[in-house]
Peer 1: 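This is the structure I have questions about; it appears just below.
This one's a predicted model, so the numbers in the text were calculated from it and none came from an experiment. Letters go in sequence order (proteins before strands), and every chain restarts at 1.
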Amino acid sequence: MKETYFPQEIEKKWQKVWEEEGTFKTPDESDKPKYYALSMLPYPSGKLHMGHVRNYTITDVIARFKKMNGFNVLHPMGWDSFGLPAENAAMKHGAEPEKWTLENIKYMTKQLKMLGLSYDWDREVTTCLPDYYKWTQWLFLQLYKKGLAYKKDASVNWCNECGTVLANEQVIDGKCWRCDSVVEKKYLSQWFFKITEYAEELLKDLDKLPGWGDNVKTMQANWIGKSEGAIFRFPVVDAPSGEKMEVPVYTTRPDTVHGITYLVVAPEYKDIEALTTPENKEAVEAYRANARKMTEIERLSNDRVKTGVPLGTHCINPFTGEKFPLWTADYALAEYGTGAVMAVPTHDERDFDFAKKYNLPTKVVIVPEDQKARWQDGKLNTCAEQIDAAFTEEGILVNSNEFDGMKNTEAKKAITQKAVDEGFGEFKTQYRLRDWLISRQRYWGAPIPVVYCEKCGIQPVPEDQLPVLLPKDVDFSVVGKSPITTSKTFAETTCPCCGGKATRETDTMDTFVCSSWYYMRYADAKNDKMPFSKELINHWLPVDQYVGGIEHAILHLLYSRFFTKALRDLGLLDFDEPFKNLLTQGMVLKDGAKMSKSKGNTVDPDEIFENYGADTARLFILSDSPPARDFDWSDAGVEGCYKFLNRVWRLISSNAENVDICHPELVSGSLKNKENDDLVRVVHMAIKGITNDISNDFQFNTVISKYRELVNAIYDWQGKKSDLNDEDKAVLSFAIVTLIKLMSPVAVHLCEEAWTELGGEGSIHAQEWPKWDENLAKASSITLVVQINGKVKDKIEADEALNQDELKELALSSPKIKELTNGKTIVKTIVVPKKLVNIVVK
RNA sequence: GCCCUGGUGGCGGAAUCGGUAGACGCGUCGGACUUAAAAUCCGGUUGGAGUUAAAUCCAGUGCCAGUUCAAGUCUGGCCCAGGGCACCA
């Protein structure tokens, strides 16, 4: 074995061997239990960044650990390869999106191989290739048939910079998730997936995911935004047309219904024109026009003063018979609830602000419970003028007819029930989640497989005509419309129904559609009859461990959960949730800031591979922080890991002649006569500690500190031996062989090289994970801690066989303790077996 | 405003059940080897007091209380940082 560690040399060598021998291929059939380890698939942007390196290393170590522990592990990789950057590159450099994308994939594949990742490349999935997007289109058609994909006219988010609409999930603080420019509203006809149909299940099933972090689950729950309340319908008494009209409102506070003093509809409310009197028309129109001009950001701005104008018409409160005016104000949102709000200024802060500004009347209907007696005695003045803020806490109803004196929490139900009984309302559960807008006015995506026929309307493309291929004859330099519309061959087609002239849909699908099912395709990547067979998908899924960034907490993870449930209902699979366990890894930082090109604090993985090797990169990226936390990259840290691997290498190379891998004692796992050798115990402790740390939330940072402890212990042990006898050699063999097995999931190349050089058979990555002996995984003696009044005063080496009385005796006999307790009364003595004695004195 | 996560040395971070706070590493200081440097090896490194040096003592896990023989860990109340949601009725 060479004396010096040359990572670049051995890494190349082993990567070639693994590829040639198919070391990491996963058979579908195996007598071992399955385990599916998955990293979020990358967008082929050009080069790997450190975030990728961290993500894939974590998953790779998990996959290898599980494999050594007897699982048949599925560990695939693919490319989320549709998307706007490819089109932008096409415009900028004149390269075809496809060419640009496939070249990037080629380069990044090379990088992934250099990292020594244990992928089964036979299952590679590339979402922009027809053999994949054919099935994305096929799944669209299934959803369409089931009524889960539909087209509608709607107010949608439009990004001018990207030239396309966006889903709600892709608008962050009123800005485009990709380019950060301000999003506008447009009224367009677009394709949607009916994710709202699954709102309740998506929320409820979060409880079925104990393997997901609370942060992600709460983010999804917030996004779904369930609220329970009531719909009340208020008759309009003076509609200008003379028609009988009513305005329905959604409220979560039916208990405050007797306190309504006015009603607000959104500027975009559908019936607003019919509810406006001729005298108010001009002002209302002006207000609505102004509201249209405002961006989402302006409109939702927190400190904006509320504004509105009256419509001139009135409603009746069916609970009280009171008449109150209708207003329009932009603090009512057209898209939520019914687009109309009942205003109770005394018990809602927004209504309070508005009423104050426009001098609208107020009426108190809830008082704090401790005021109940005063109110009953007629001593409590519930005059609204005395109120200087809305009372939004719980309390007792007043001024509410037969509901007076009732707790407001109970009144919610009782009042709604009355509305139900009398026919002007019902119980209603409302969600914030909107349907998923999947149309994109871009070229580089999977074409939506429908055609439009003047006679037959919307017609799905027949399944046997899939895939609808992207046209090649397009001009990427066009501005203001999708490049796909410049194709002379694409749009023109015939109707599958009547055979007449028809046009194709020119919009493509959101890339998130492609990535909502890719992890299913890995189970059966080469299937050309179906997206996947039911048998294989039910065998491999759900994913046992999913690893990726927190930025997908809502987007990708919510869409994938929806897809799984929808495909289950289509009978394509038999499980409810796609990802059993989710690890959201932290960001990779440099100098305390996220690595970014604009800040100039990026580190190129290629340089690290070249200068230190992949094993150092893998070791370092796992070493300093637990996976879920942010990781601060430091050059000194890399250097430290490289030195450590050198230290490991020297340990092995300098002992190569002493280490016998096939020592029968080692094979049987026991070392006769050597059970009390300290090093043997240290090794057992290391196996136990490392196994537990990986099993328990993948705490790789402590795993690596335990590697270091073990290496330090072997050096120390050697330093104390001048000459090794046969028994010593057996101990050393045991220690070194165990060390490289324990390290093999992380330092994949170094350990493979060492294993082979030491005479091991086959690949170290096919070996069994070491087992520990509980009796040996502890020190041979214990350190008894002696406390007085809970403070440590002495430490005594003791035999672990001592019983409680003997330990107490031992503690009290310590000269130091004797001195400290001298002249004091011992009140109590607590003995913790094998650990500690606490003497309580006065 | 609501929700989630976190707060431990100069830094990253350790610490099954409440039982030795600071594992392991980075940095740094000192030493060995060397003509010298690199590499390597050994030792110190929470703060304060103390000592030639040690021994030793005191304080200490965001803050304030509490439970306990014993609290980084449990309970209650705060403060701060990061993230999510938000005129959602």
Peer 1: Among the candidates B/C87, B/C4, B/G19, find the nucleotide nearest to the side-chain atoms of A/D330.
Peer 2: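 When the side chain of A/D330 is considered, B/C87 is the closest of B/C87, B/C4, B/G19.
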
Peer 1: Less than 4.0 angstrom between a side-chain N/O of A/N215 and OP1 or OP2 of B/C3, yes or no?
Peer 2: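 The answer is no; no side-chain N or O of A/N215 sits under 4.0 Å from OP1 or OP2.
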
Peer 1: Among B/G13, B/A89, B/C87, which is the nearest nucleotide to the side chain of A/K306?
Peer 2: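 In terms of side-chain proximity for A/K306, the closest of B/G13, B/A89, B/C87 is B/C87.
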
Peer 1: Please confirm whether the shortest side-chain N or O distance from A/N701 to OP1 or OP2 of B/G12 is below 4.0 Å.
Peer 2: no

Peer 1: Could you work out which one of B/U20, B/A89, B/G19 sits closest to the side chain of A/T251?
Peer 2: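 Nearest to the side chain of A/T251 among the choices is B/A89.
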
Peer 1: Less than 3.5 Å between a donor and an acceptor, one on the side chain of A/N838 and one on the base of B/C69, is that the case here?
Peer 2: yes

Peer 1: Does the distance from a Lys or Arg side-chain N to an Asp or Glu carboxylate O, for A/E268 and A/R288, drop under 4.0 Å?
Peer 2: no

Peer 1: Which nucleotide in the set B/A86, B/A89, B/U5 lies at the smallest distance from any side-chain heavy atom of A/R432?
Peer 2: B/A86

Peer 1: Taking the side chain of A/S705 as heavy atoms from C-beta outward, which of B/C87, B/A89, B/C24 is closest to it?
Peer 2: B/C24

Peer 1: Is there a side-chain polar atom (N or O) of A/K828 under 4.0 Å from OP1 or OP2 of B/C69?
Peer 2: yes

Peer 1: Does a salt bridge link A/K428 with A/E228, judged by any charged N lying under 4.0 Å from a carboxylate O?
Peer 2: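 Salt bridge: no.
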
Peer 1: Side-chain N or O of A/Q787 versus OP1/OP2 of B/U68: is the shortest distance under 4.0 Å?
Peer 2: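 Negative; the distance criterion is not met.
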
Peer 1: Counting side-chain heavy atoms from CB outward, which of B/C69, B/C87, B/C24 is closest to A/R708?
Peer 2: B/C24

Peer 1: Are A/F620 and A/F631 close enough that their ring centers fall under 6.0 Å?
Peer 2: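 Ring centroids of A/F620 and A/F631 are less than 6.0 Å from each other.
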
Peer 1: With a 4.0 Å limit, can you tell me whether A/Y336 has a side-chain N or O closer than that to the phosphate oxygens OP1/OP2 of B/A89?
Peer 2: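 Yes, A/Y336 has a side-chain N/O under 4.0 Å of OP1/OP2 on B/A89.
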
Peer 1: Dot-bracket for RNA chain B, 5' to 3', counting Watson-Crick or G-U wobble pairs under 3.5 Å, with [ ] for crossing pairs and | for inter-strand pairs?
Peer 2: (((((((..(((......[....)))((((((.......))))))((((......))))..(((((..]....))))))))))))....

Peer 1: Of the nucleotides B/U56, B/C3, B/U20, which one has an atom closest to the side chain of A/K816?
Peer 2: B/U56

Peer 1: Considering only side-chain heavy atoms of A/D716, which listed nucleotide, B/C42, B/A39, B/U20, is closest?
Peer 2: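 Nearest to the side-chain atoms of A/D716, counting from C-beta on, is B/C42.
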
Peer 1: Apply the test ring pair (Phe, Tyr, Trp, His ring centres under 6.0 Å) to residues A/Y262 and A/Y358: give CA-CA distance (whole Å), side-chain angles for both, the deciding distance (0.1 Å), then the verdict.
Peer 2: CA-CA 11 Å; A/Y262 63 101; A/Y358 293 105; 8.9 Å; no

Peer 1: Using a cut-off of strictly less than 4.0 Å, decide whether A/S625 has a side-chain nitrogen or oxygen near OP1 or OP2 of B/G13.
Peer 2: yes

Peer 1: Output yes when at least one side-chain N/O atom of A/K791 is less than 4.0 Å from OP1 or OP2 of B/A59, else no.
Peer 2: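 For B/A59, OP1/OP2 do have a side-chain N/O of A/K791 under 4.0 Å.
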
Peer 1: For A/H347 and A/I366, indicate whether the former's side chain and the latter's backbone hold a donor-acceptor pair under 3.5 Å.
Peer 2: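 Side chain of A/H347 to backbone of A/I366: a pair is present.
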
Peer 1: Give a yes/no answer on whether the side chain of A/R629 brings an N or O atom under 4.0 Å of OP1 or OP2 in B/G6.
Peer 2: no

Peer 1: Of the candidate nucleotides B/G19, B/C85, B/C69, which contains the atom at the shortest distance from the side chain of A/I554?
Peer 2: B/C85

Peer 1: Should A/K706 and A/D693 count as an ion pair when the cut-off is N to O under 4.0 Å?
Peer 2: yes

Peer 1: Under 3.5 Å, side-chain donor or acceptor atoms of residues 644-651 of chain A against the rest of the protein: list the pairs with distances, not counting sequence neighbours.
Peer 2:
unit_1 : atom_1 : unit_2 : atom_2 : d
A/N646 : ND2    : A/Y642 : O      : 2.9
A/R647 : NH2    : A/N712 : OD1    : 2.7
A/W649 : NE1    : A/K2   : O      : 3.0
A/W649 : NE1    : A/E3   : O      : 3.4
A/W649 : NE1    : A/T4   : O      : 3.4

Peer 1: Hey, do the aromatic rings of A/F234 and A/F424 have their centres closer than 6.0 Å?
Peer 2: no

